[in-house]
Amino acid sequence: MLNTQDILETVRMIREENLDIRTVTMGISLFDCISDDPSRLEQKIYDKITASAKNLVSVCSELERTYGIPIVNKRISVTPISYVGAGLSSDGFVRLAKVLERAATDLGVNFIGGYSAHVQKGAIKGAAALIESIPQAMLETEHVCSSVNVATTKAGINMDAVKRMGEIIKDTAYLTRDRDSIGCAKIVVFANMPEDNPFMAGAVHGIGEPDTVINVGVSGPGVVAAAIKEVGQCDFSILAETIKKIAFKITRVGQLIAAEAAKRLGVPYGIVDLSLAPTPAAGDSVAEILENMGLECTGTHGTTAALALLNDAVKKGGVMATNHVGGLSGAFIPVSEDRGMISAAEKETLSIEKLEAMTAVCSVGLDMFAVPGDTPASTLSGIIADEISIGVVNNKTTAVRVIPVYGKGVGEYCEFGGLLGYAPIMRLHGESCADFINRGGRIPAPIHSLKN
Amino acid sequence: MKAVITVIGKDKVGIIALASAECAKYGANIIDISQTVMKEYFAMIMLVELTGVKVDFASFAGAMEQAGRDNGVDIRVMHEDIFNSMHRI
């Protein structure tokens, strides 16, 4: 029989330390829905999504029951809509967003991602029209998530797109001003966007993926924080080893659920995303892990090193636990979705500059942070350009999900509720970068030799 | 299919009787059983074979968990594979 202590450890992780599967995401290709008749396109998209994912929610509920582990979100990602609707106008894209919304609502999933475009070198007509439609689409839908890839390490940075995305985010903030600019929580700007990411807002079903696929994102910051607390004062080798062991166990659960969900749904299994995804709940915080390592508050000196160690150990532990790794894979540091990050931002120990430095060594990027509503669009573009540069130069994925909260300033809060949480509005520099952003054109791809 | 049943709660008389009576009621065959007391808490672990259980997994698990709630202990029924996955390479 299994070891008693092992069984009790698993039960404790789920009961007390918030171990869960963050998301089971079904990727669905919409290429076979393409039609030159917009209403036919809409109908085919609705039919394909609802037919492919009709059992997604019920199978996830069965798995939760059988294995005793919560599956927090059930999600869908689709082929970037800018390809599927390449001939549409912006109004046509908004109509497609509403079709995605209706499919998501009818299926009972938590989010649907893929209202997306790739514009790292330039925009096809469909991509340009989709980008223009984002503010209205975010206003008129609840579950639809949008992402735009503005740069890759090979192509460089499309600064025209960076400039436009600053304005689009600002417009979305205004249109959704009655709910603390929540529309911006569903828009993410990427460098090196992955094609198999199960996490929102950036999930898309990439063009090299199978027709349908199951990707799983694991969670478990509370489990890692508890393990570090338990191991107590030890050196860094033992600290890293402790994280690796826990990450292995967490990821094995993800692997089990991914394989079983794929089998029951009759869909290929894609990847497990090795992530530590926090929630605003107590005891489910990545910042708490860093603080358990010995930082008085996240954001103080030593934070980047602590996060680098954590992120690397999570990957090393997780990679052996699953057949296929993918997505974003690493620790997430969204401000509004992590109680420890919220508290560090409130004290201003965590500044925007430190947050940016942290993103150089971990997953994703500047995520779910609130800034004053009167921030100029060019400053938002400057924030995006900085973060995207980190990804491009370091050959990694980075992204920005920023909320310029309309009508609010430093010292105030935005409140979204649920997994999206709440956040204090962070201080930015007042000095302008508009002349830099307004230059237009592309920043060339970085050189891949002479590394320093 | 085998499941692991964990029973965790304050130590008191009759916990094993309660869990095993529920198992017998549904036709779940107890293969192995172990228990430990941690401070004032009691933890019992049973490995059960569910082949003979007439109802579906969710109903059986729901009935066991309800029996736990009625008696002030936390009962969980989980497929053994979650433990095998986490703790065996």
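Chain letters run A, B, ... following the sequence lines, proteins first and then strands; every chain starts at 1.
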Trainee: In terms of heavy-atom proximity below 4.5 Å to chain B, should E9(A) be classed as side chain, backbone, both, or neither?
Mentor: side chain

Trainee: Chain B: which of L8(A), I250(A), T66(A), T251(A) shares the most heavy-atom pairs with it under 4.5 Å?
Mentor: T66(A)

Trainee: Check whether I89(B) gets within reach of chain A through its side chain, its backbone, both or neither, counting any heavy atom under 4.5 Å.
Mentor: both

Trainee: On the 0 to 90° scale, with breaks at 30° and 60°, tag the Y269(A)-H324(A) ring pair as parallel, tilted or perpendicular.
Mentor: tilted

Trainee: Side chain, backbone, both or neither: which part of S85(B) has a non-hydrogen atom closer than 4.5 Å to chain A?
Mentor: both

Trainee: Evaluate the side chain to side chain contact (heavy atoms under 4.5 Å, CB included) criterion for residues D273(A) and T23(A): first the C-alpha distance (whole Å), next the side-chain angles of each, then the deciding distance (0.1 Å), finally the verdict.
Mentor: CA-CA 10 Å; D273(A) 191 318; T23(A) 178; over 6 Å; no

Trainee: What part of F83(B) lies closer than 4.5 angstrom to a heavy atom of chain A: side chain, backbone, both or neither?
Mentor: both

Trainee: How close do M200(A) and G113(A) get, counting heavy atoms only, and between which atoms?
Mentor: CE-N, 3.3 Å

Trainee: Would you say the side chains of H87(B) and T10(A) form a donor-acceptor pair under 3.5 Å?
Mentor: yes

Trainee: Chain B heavy atoms under 4.5 Å from I246(A): which part of the residue, side chain, backbone, both or neither?
Mentor: neither

Trainee: What orientation do F199(A) and F332(A) show, parallel under 30°, tilted 30 to 60°, or perpendicular over 60°?
Mentor: perpendicular

Trainee: Could you tell me which portion of D56(B) (side chain, backbone, both or neither) has an atom closer than 4.5 angstrom to a non-hydrogen atom of chain A?
Mentor: neither

Trainee: So what's closer than 4.5 Å to chain A heavy atoms on A43(B): side chain, backbone, both or neither?
Mentor: side chain

Trainee: Between D284(A) and T279(A), do the side chains contain an N or O donor and an N or O acceptor separated by less than 3.5 Å?
Mentor: yes

